[in-house]
Amino acid sequence: MQFSKMFIPTLKEIPADAEAISHILMLRAGYVRQLAAGLYIYLPLGLRVIEKINKILKEEMNAIGAQEITMPVLHPAEIWQETGRWDDIGDEMFRLKDRGGRDMCLGMTHEEVITWLAAREIRSYRNLPQIWYQIQTKLRDEARPKSGVLRTREFLMKDSYSFDADEDGLERSYQLHAEAYHKIFSRCGIKFYMVESDPGMMGGATAHEFMAPSPAGEDEITLCDKCGYSANIELACSIPKKIDVQDWTFEEVYTPEKRTVQEVSHFLKLGPEYFIKSILLISDDGPVLALVRGDQELHEKKLNRIIGKHRPAQKEEVKDIIGVEAGFIGPMNHKMRIVGDTYLKEGIYVSGANKPHYHTKGIKPGKDFDAEWYDIHIAKEGDFCHKCNAPLGVERAIEIGNIFKLGTKYSVPLKAFYLDKAGQEKPIIMGSYGIGPARIAAAVIEQNNDKDGIIWPTSIAPFDVEILPLNMKDTKTVEVAEKLYKDLTGEGVGVLIDDRDERAGIKFKDADLIGIPTHIIIGEKNLKEGLVEIKDRKTRDVVKVTVEEVAEKVKTPG
RNA sequence: CGGGGCGUAGCGCAGCCUGGUGUAGCGCACCUGCCUUGGGAGCAGGGGGUCGGAGGUUCAAAUCCUCUCGCCCCGACCA
C-alpha cells in the first residue's frame, strides 16, 4: 500500500480530549476519530488492526469447533421480557419503538436471541453440543464512556455461546474456550491473566475474566505469584497481615473528639490494625452492623451477597439506632444483626464504647460480642493469599475477555429444551463467552509503546513492514524502494511504502508513531554502497544489508 | 446521576479575573513561490473565526449574569 494513497491523518500534537495512552496514540497515529462520546470511526489503519484481530478470533474459535453465524442488532422486546432482563436492565439498554408501536431494543449482548434460536432448532441430545459465535456490534448506553476505545457505547464483540446436555458438557465447552482465549491473547501479543470474576447479572455460578495489566484499566485484580491464585478485586479473598495479640484488659478510654480510626489511632499511639471499624448499614431487613479491622476497608459487594441490598446509615439514623453519634460506635451490646470480617476473630481490639468520647480497649471477639463471620474486607497489596499464605499483589487491568457458565438461566425462560436418551425433556446447559477486539487493540498499545508511538506485534500490526525512501527526488532511491515493495508484496509480506514527497524527519516520526514493527530505510548514502537499513521499531536496532538480502532478512528477523 | 474541568481557525493554545488597545491573537497545519532532503527545516507571500448555542445586563460583551448543548476527568453504575 502507498502511504500517499492511504488516509493516515497523523497528528503532531496531543489531542486535548485524550488522556489514556492508547487513546492519544490511536488518534495521533491516525487509527481512529471520535464522532461523539463513546462513538468511534475506525480509519483505514485502525480497521486493518481490527480485521487482523478478528481473523485470529475466527481461526481460534473455528479450531474448537465453533460455528460462525450473525444475529440482528435490533431485537424485539418480547424475548428480553421473557428472561426478565427487559425490566432488570435499566438505562443502559437503548430502547425504541418501531412504526407499529412495538417495543424494540438494540442488542447489548445476544443471550436472548441465540437462546431463542436454540429453543426452536435443538430438540435432541443428538444435536448437542453446539458452539455458535459471531463478531457483532453491541450497543450499550454507557453511563460514562471513557478512555477512547476502551469503553464505548457501540463496540464490536466476539460473543460465543455453548449448548450442552449436562454440566460435564458445559465444563468441556468452558475449558475449550479458556484454552482458545489463551491462544488468542498470546497470539495478539498481550500480557494477560485469567482471573476469577463475579458472574453478576449474567447469572450462573462460575465466571472468569481475561485481564491485561495496565494502569489504564478500570478493574483491579489480586495476584499470587506463588500458587497462581488470581481474582477480580470484586470477589478476591485475602488474609490481612497478622497482628500481635495484646494482653489488654477490658477498659474504657477517654478519647475526646476522636472519631475516625485515624484520629483515635494517632491519639492512643496504636496502629489502625488494632481497631475494629464499626459501620452501620440499613438493609431491607433493618439495620446491620458491619465490622472490619481498622486497617481494612469494607467490601460492599461481598456484604451485598450476605445481607442483600443496603446503604450506609445517615448521621441521624446512627444516633437513633445506636444511641451514640458515629465515631464512638462499638460492636458490643447490640440486638441487631452483626456481620464481622473473619480475620477479626482472633485478637484483642479497640473500638467505640457506644458512649460519647469514649472507646473501649481490650475487646475480645466471641467473648465481648458475637457476630456472623465472613470475608467482607477488600483485598489489598500487602495482604496474604488465602490459599497459600504468600504475599498478594494488586494490579490494575483492562478486561479483554470473559467466560461465563450460564447454566439454565436463559434456556428455561426461553424454553430451550431437548430430549435426552431416556426421552426426558431437559433444559439446555449454556455458556457465554465474550472478547472485545477494540479492547485488545487498545490493551496492546497500552502495553507496547514508547515516547514516539505505538509498537505493534507483527500479528496484529496494520502492516508487517514500512519502507521509507528518504528522498523521493532521488531516482535511485525510488527505484530501489519500488523494487523492494514489489518483491516483498509478492512474497505475501504486508508492506506500506511511504512514497510521500516529505522530508526524512517527517517520515521517521510518522513511522515511529504508526508503529509498524519493521522499517526499511532507504537513504542515498547507503545506497551508493548498495545498502539499505532494516530497523526494528521496538529495539531500534539497525542492520545494514544489501538490497538483495532484504527479502530474506525481513522474513527471518534477527 | 453527584463532583470537577473545558468549549476562541483543521489541531494545540493565549486573551476572560478587571467589558472599550483600533481589523480577536500566537504556534502548528493548509495554499503559492523559492530553497531544502537522515529525525516533524528555512525565507517570502496568502486563505481561513456565528469566540459552542439562546437570552439578558450595558453606550459597548469572547470577557459580566441566567439558561442550554457538547466533550473530558473523578465517583456511582457497568448484564
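Chain letters run A, B, ... following the sequence lines, proteins first and then strands; every chain starts at 1. These numbers come from a predicted model, not from an experiment. These values consider heavy atoms only, across backbone and side chains, with no hydrogens, waters or symmetry-generated copies.
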Residue A:Ile14 excluded, over 12 heavy atoms near CD1 under 6.0 Å
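Counting other residues, nucleotides and ligands, CD1 of A:Ile14 stays at 12 neighbours or fewer.
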Rounded to whole angstrom units, what separation is found between the [atom1] atom of [X] and the [atom2] atom of [N]?
X	N	atom1	atom2	value
A:Arg311	B:rC77	CZ	P	16 Å
A:Ile24	B:rC73	CD1	C1'	13 Å
A:Glu218	B:rC73	CD	P	10 Å
A:Lys509	B:rA41	NZ	C1'	13 Å
A:Glu19	B:rC71	CD	C1'	13 Å
A:Asp474	B:rU37	CG	C1'	10 Å
A:Tyr40	B:rC71	OH	P	10 Å
A:Arg500	B:rG40	CZ	C1'	10 Å

Would you mind classifying the nucleic acid contact of [X] as base, sugar-phosphate or nothing, using non-hydrogen atoms under 4.0 angstrom?
X	value
A:Thr477	nothing
A:Asn526	base
A:Ala37	sugar-phosphate
A:Glu533	base
A:Arg33	nothing
A:Ala36	sugar-phosphate

Could you work out the separation of [N] and [M] based on their [atom1] atoms and round it to a whole Å?
N	M	atom1	result
B:rG53	B:rU8	C1'	14 Å
B:rA9	B:rG15	P	15 Å
B:rG2	B:rU68	P	12 Å

Closest-nucleotide ordering on RNA chain B, the 5'-leading residue of A:Met108 and A:Leu35
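The residue whose closest nucleotide sits nearer the 5' end is A:Leu35.
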Which comes earlier along RNA chain B counting from the 5' end, the contact point of A:Glu142 or that of A:Arg153, where each point is its nearest nucleotide?
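Closest to the 5' end, via its nearest nucleotide, is A:Arg153.
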Residue A:Gln34, side-chain heavy atoms: nucleotide from B:rC72, B:rU36, B:rG39 that is nearest:
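Given the options B:rC72, B:rU36, B:rG39, the side chain of A:Gln34 is closest to B:rC72.
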Looking only at the side chain of A:Ser147 (C-beta and beyond, no hydrogens), which of the listed nucleotides B:rG40, B:rC72, B:rC73 gets closest?
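When the side chain of A:Ser147 is considered, B:rC73 is the closest of B:rG40, B:rC72, B:rC73.
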For the pair [X] (side chain) and [Y] (backbone), establish whether a donor and an acceptor sit closer than 3.5 Å, ignoring hydrogens and angles.
X	Y	result
A:Arg537	A:Pro517	no
A:Asn449	A:Glu446	yes
A:Lys158	A:Gly436	no

Establish whether the base of B:rG38 is bridged to the side chain of A:Asn471 by a donor-acceptor pair shorter than 3.5 Å.
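By the distance-only test, no, there is no pair.
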Look at the side chain of A:Lys535 and the base of B:rG39, then say whether one donor and one acceptor between them are separated by less than 3.5 Å.
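Yes, a donor-acceptor pair under 3.5 Å.
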Please report whether the ring centroid of A:Tyr40 lies less than 6.0 Å from that of A:His23.
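Between A:His23 and A:Tyr40, the centre distance is under 6.0 Å.
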What do you reckon, are the aromatic ring centroids of A:Phe463 and A:Trp456 less than 6.0 Å apart?
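They do not qualify: ring centres at least 6.0 Å apart.
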Only pairs with both distances under 3.5 Å count, Watson-Crick or wobble alike; so what is the partner of [N] in this structure?
N	answer
B:rA24	none
B:rG19	none
B:rU50	none
B:rG38	none
B:rG7	B:rC69
B:rC1	B:rG75

Hey, does the side chain of A:Lys146 come within less than 4.0 Å of B:rC74's phosphate (OP1/OP2), counting only N and O?
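Indeed, a polar side-chain atom of A:Lys146 lies that close.
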Strictly below 4.0 Å: does A:Arg144 bring a side-chain N or O up to OP1 or OP2 of B:rC74?
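Answer is yes, contact under 4.0 Å.
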Residue pair A:Phe185, A:Phe210: steps toward the ring pair (Phe, Tyr, Trp, His ring centres under 6.0 Å) verdict
CA-CA 9 Å; A:Phe185 297 128; A:Phe210 288 78; 5.5 Å; yes
Nucleic acid footprint by protein, nucleotides 6-16 of chain B - heavy-atom cut-off 4.0 Å, B for base, S for sugar-phosphate alone:
-----BSS---
Within 45° of the axis and under 6.0 Å from the centre of the six-membered ring of A:Trp86, does NZ or CZ of A:Arg95 qualify?
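Output yes; distance and angle both within limits.
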Would you mind reporting whether A:Tyr410 and A:Met430 have side-chain heavy atoms less than 4.5 Å apart?
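When only atoms from C-beta onward are counted, A:Tyr410 and A:Met430 do touch, with a gap below 4.5 Å.
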